[in-house]
Every structure is written in structure tokens, then in C-alpha cells.
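What follows is a single structure, written as C-alpha cells, with notes after it.
Here is how names work: the chains are called A, B, and so on, in the same order as the sequence lines, proteins then strands, and each is numbered from 1. Values below: all heavy atoms of this structure, side chains included; hydrogens, waters and symmetry mates excluded.
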There are 2 protein chains.
Amino acid sequence: MKTTNVADQVTRAALELFASQGYATTSVQQIVEAAGVTKGAMYHYFQSKDDLLFAIYDRMLSLQKAHLDGIVAAGGPVADVVRAVCVDVVETSIDFLPEGTVFFRSMHMLPEPRLKEVTQRRREYHDEFAALLRRGQDEGLFRTDVPRSLLVAHFFSDVHYLSHWYSPEGPETKSQVAQQLTELFLRSITEQGRGADDRADQH
Amino acid sequence: MKTTNVADQVTRAALELFASQGYATTSVQQIVEAAGVTKGAMYHYFQSKDDLLFAIYDRMLSLQKAHLDGIVAAGGPVADVVRAVCVDVVETSIDFLPEGTVFFRSMHMLPEPRLKEVTQRRREYHDEFAALLRRGQDEGLFRTDVPRSLLVAHFFSDVHYLSHWYSPEGPETKSQVAQQLTELFLRSITEQGRGADDRADQH
DNA sequence: CGGCGCAAACCGACTGGACGGTACGCCAGG
DNA sequence: CCTGGCGTACCGTCCAGTCGGTTTGCGCCG
């Protein structure tokens, strides 16, 4: 409990409702009722309805960015770093599946300044990932016959699409899916000039 | 001209506005003003606002399904058919980029019966694609160490994601992108047991 | 050929209700 | 007694959809 259990309950309820009904079709009334609080309480902690939306994005973006930075900072062979990053992104995206659903559906409903910030932060994320791929290309690990931006898009498309098909109740666990998607991605972007790829330069 | 130029104008305007502002945040007033008609005229041809949304989906789904059926019916080696289907889906999805944007953002706002139909028709499409992959797997062309449904999702994720990054003004043409994405996909799903894949069994 | 009737196309002011946001007041605790 | 947390009643706006009415196109009959 402590302070602002209210804010938490509201965020939770909002997330659930936004994910299942969409942002625009969910009324503030519904949210506060589901959260077991009143409008007054909610507007005491949030300035507006889109504050709720932004809060959801903020949590997810911050966490994923922190993960990415952490993995990159840990260092190691590029191939391993890329693999770890891919697996992590898929896994955390599955952890934040409702957030992802809401994100891609309703991002465009944020008012201009907010939208700018979200877009900006996503771009930073993509750029960091692209930089990793670049390092891999420089080492001759990844193909260069296709624009790097397309490789980036190719990977993130899987992440986006997760919320359209993955279900925790399904047959596959999140780490299985993460491994499998990562493997598909890596196979598609690996340079095929030589057969040398998996056990070549282990320090 | 002819009959119902009005309906056409309205559909066009609606598509443009839905794609740029979102479905929920676009008012019927805006649409009819952009289309140069009146509300009365619009409600003469459409029963409701979500009729417009459905009309957009309908066009896209029908066209893509027809393409798919045509390519499959034309026959040929499975590998070629799959390749042709992938290229075609990407290309037509680029042709229908605004429709795609609207589709994935706003599908969930359709009333239940309509939503059911759209979901159903998408599923048929996916199933037909999955059947193709199955044929390829039976012939030993495609890998079987990953659930087929994941392979399907892996491909359609690229198609979905197009509207998030592709721009006709960008450096790449639509057929380049189609070729490249198809190539990435095919490489990731091709069975690697032997090096025999591209020139093995040509009739 | 011209006028008539009728149906389809079209107009646009209006409504009813929902919804985001606010004003204000109450109450507990420091 | 006064501040911060919260409840409640209310407000102004907006908007999908409607409805009575007008115009337009057109076959048909005299």
C-alpha cells in the first residue's frame, strides 16, 4: 500500500481496459470503477486521460531501454550480444504483452508533445540496435547486401507482432519463442560467404 | 462519375483521415467535408461510421485473398509458389499501406459481428499460407524444428510492420523491399540439412 | 413532345446522450 | 486549524445518427 496505491490500481485497470477495448473506447468512468476509486482520486494523480497512456509507455520504454543498455554494457563478442539482446527484447515484450498491444494501437492518439517524446525514445532504441548490427557487419558476421534499416525493421516486426498471436496459455513458453524468433532472425541476417560463423573467433 | 461517385469519395476521404488521425478521433463531419458531400448523402450509402471502416478492410482482404488464390492456383514448385506469394503480399501491402495502417490500429473497434468476419477471413488467409509451408515441409524444403504457426507469424509480422516504417518516398522501391523481405524470410525457414536447395529438383 | 408522378438521391438542422474534465466540499492527521 | 487526499455533483462540448423535407432523374401517358 503506502502512498499512491491508487495511482497503481488506476494504471493497472487502465492497462487492462485499454488492451481489451482500446484507448478511445474506454471511458475514464470505466477505469476508475474497475480500479475501485473515484474520478476525483484519479485526477488527483493524473492530469488527463492520456497521462495514463503515457505512463504505460513510459514504464515499458524505460525498462526495455535499461535492459538493452545493460546487455550492451556487459560486452562480449558482437554475435553473442546481438543474440542476447534479441532474446531479451522478445522475452520482455512477452512480459509486457498488454502494454505492447496498447502501444502499437494507440500511440497515435497521444497529443503532439507526448508523441514526440515516445517516438524519440523508440528511435534511440532502434539506433542502438542498428549500431550493434553495424558492428557485426564490420566484422563480416552479418550480410551487407540489404539496407541495415531493413534488417532492423525485420527484427522489430516480430516484436510488434507478438501481441497479435502469442498467448501465455499457448503451447510455447516465452523463452522458447524468444529463442526461436532470435534464431530465425540471426539465420536470415548471417553472412553466408563462408561456413565460418558459430565457432570461429571465441577469443 | 456514374453511380455513387459519392460513396467512392467518402471511402477515399475516410481512409485518408483514419490513416492520419485514427478512426476514433475522426468525426463523420470531417469525413463528409473532406469528401465534399453532406452527412445526409453519406448516410444514404453507409449505415454507420463503422461501415466505412469495414468497407476499407473488405477491399483489402478481398484483393489479397484473390491474389493468393490466383498464385496458388497457377501451380508450380512449392518453393516458387511460396516465393511468389511472399513477394505479392508485401507488394500489395505496400500498395495498400494506408489501409494496413488503419487495419491494424482500428480493427478492434469494429462491433462484434463485423470483427468476427474480419478475423475469420484473415484466418483463412493465414491457413492457406500455412498449408503452403506444410507442403514445403513435406518435401523437405523447409525446417520443421520450429512450430509452423511461428513461421507463419514470423512472415506476417513483416507485412504488418510495413506501415510503421516504409515510405514510398524512401530510398527503396516496393519490389526491392518485397524481394529483400522475402529473401530474409526464405533463408530463415529453409532446411539446412544439405546444401541442396536452389537448383535441386527443377521438374 | 410535354407534363406528371414517383422514387431515389440528397440536404442539414437537430437531438440525446456520453464523456473528459472541474469546482467545491469533506475529513483525517499532523 | 490547515493541508493534502479524496468524493461528488455538475458543466460544456462534441458527435453519431435521424428525420422531415427538397431536388433530381426518368419512365410513361396523353
Side-chain angles (χ1 to χ4, degrees), chain A residues 1-58 102 105-115, chain B residues 1-58 102 105-115:
Chain A
M1 39 232 64
K2 189 80 131 312
T3 53
T4 63
N5 192 340
V6 171
D8 230 48
Q9 287 294 99
V10 170
T11 308
R12 247 182 262 286
L15 173 62
E16 211 166 307
L17 287 166
F18 290 166
S20 69
Q21 318 181 351
Y23 171 75
T25 44
T26 300
S27 75
V28 174
Q29 262 315 321
Q30 278 182 282
I31 297 170
V32 297
E33 272 165 25
V37 303
T38 62
K39 255 211 241 187
M42 195 217 91
Y43 274 97
H44 183 75
Y45 291 100
F46 299 92
Q47 293 209 353
S48 62
K49 189 186 174 186
D50 40 60
D51 249 36
L52 294 172
L53 202 55
F54 185 77
I56 291 170
Y57 297 164
D58 190 41
V102 176
R105 267 187 195 161
S106 310
M107 202 181 3
H108 66 286
M109 293 191 177
L110 282 175
E112 254 308 317
R114 247 74 193 282
L115 180 61
Chain B
M1 42 235 68
K2 193 72 136 313
T3 54
T4 62
N5 192 337
V6 170
D8 229 48
Q9 288 294 97
V10 170
T11 308
R12 246 182 263 285
L15 172 61
E16 211 167 307
L17 287 166
F18 290 166
S20 68
Q21 318 181 353
Y23 171 75
T25 45
T26 301
S27 75
V28 173
Q29 262 317 318
Q30 279 183 279
I31 297 171
V32 297
E33 273 165 25
V37 302
T38 62
K39 249 206 217 185
M42 194 219 93
Y43 274 98
H44 182 75
Y45 291 101
F46 299 93
Q47 294 208 353
S48 62
K49 190 186 174 187
D50 41 59
D51 248 36
L52 294 173
L53 202 55
F54 185 77
I56 291 170
Y57 298 165
D58 190 42
V102 175
R105 267 186 195 160
S106 310
M107 201 178 9
H108 66 286
M109 293 189 177
L110 281 176
E112 254 308 317
R114 248 66 194 288
L115 181 62

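- What separates NZ of A/K49 from P of C/dT22 is a distance of 15 Å, to the nearest Å.
- Rounded to an integer number of Å, the gap from CD of A/E33 to C1' of C/dC19 is 13 Å.
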Inset, instruction - Take B/V37 and B/V32, measure what side chain to side chain contact (heavy atoms under 4.5 Å, CB included) needs, and give me the verdict at the end. - result: CA-CA 5 Å; B/V37 302; B/V32 297; 4.0 Å; yes
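- Scanning for side-chain contact (heavy atoms from CB on, under 4.5 Å) contacts around B/E112 gives B/L115, B/K116, with sequence neighbours left out.
- The phosphate of C/dC10 has OP1 or OP2 within less than 4.0 Å of a side-chain N or O from B/Y45.
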Inset, instruction - Just do the side chain to side chain contact (heavy atoms under 4.5 Å, CB included) check on B/Y57 and B/S106 with the steps written out, would you? - result: CA-CA 10 Å; B/Y57 298 165; B/S106 310; 3.7 Å; yes
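- The OH atom of B/Y43 sits 18 Å away from the P atom of D/dG20 (whole-angstrom rounding).
- Between B/F46 atom CZ and D/dT18 atom P the separation is 16 Å, expressed in whole Å.
- The nearest whole Å value for the distance from the CD atom in A/Q9 to the P atom in D/dC6 is 12 Å.
- Taking A/R105 as the reference, nothing meets the salt bridge (charged side-chain N to carboxylate O under 4.0 Å, His left out) condition, with sequence neighbours excluded.
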Would you list the protein and nucleotides 7-10 of chain D atom pairs, both N or O, that sit under 3.5 Å from each other?
from  : atom 1 : to    : atom 2 : distance (Å)
D/dG7 : OP2    : A/T38 : OG1    : 2.3
D/dG7 : O5'    : A/T38 : OG1    : 3.4

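- For D/dC6, the OP1/OP2 oxygens have no side-chain nitrogen or oxygen of A/H44 closer than 4.0 Å.
- Using a 4.0 Å heavy-atom criterion, one finds that B/T26 contacts the sugar-phosphate atoms exclusively.
- B/Q9 pairs with exactly one of B/T11, B/N5, B/V6 by the side-chain contact (heavy atoms from CB on, under 4.5 Å) rule, that one being B/N5.
- Taking atom CD1 of B/I31 as the reference point, atom P of D/dC15 lies 11 Å away to the nearest angstrom.
- We find that CG of B/D51 is positioned 12 Å from P of D/dT18, with the value rounded to whole Å.
- Side-chain contact between A/F18 and A/I56 is present, with heavy atoms from C-beta onward closer than 4.5 Å.
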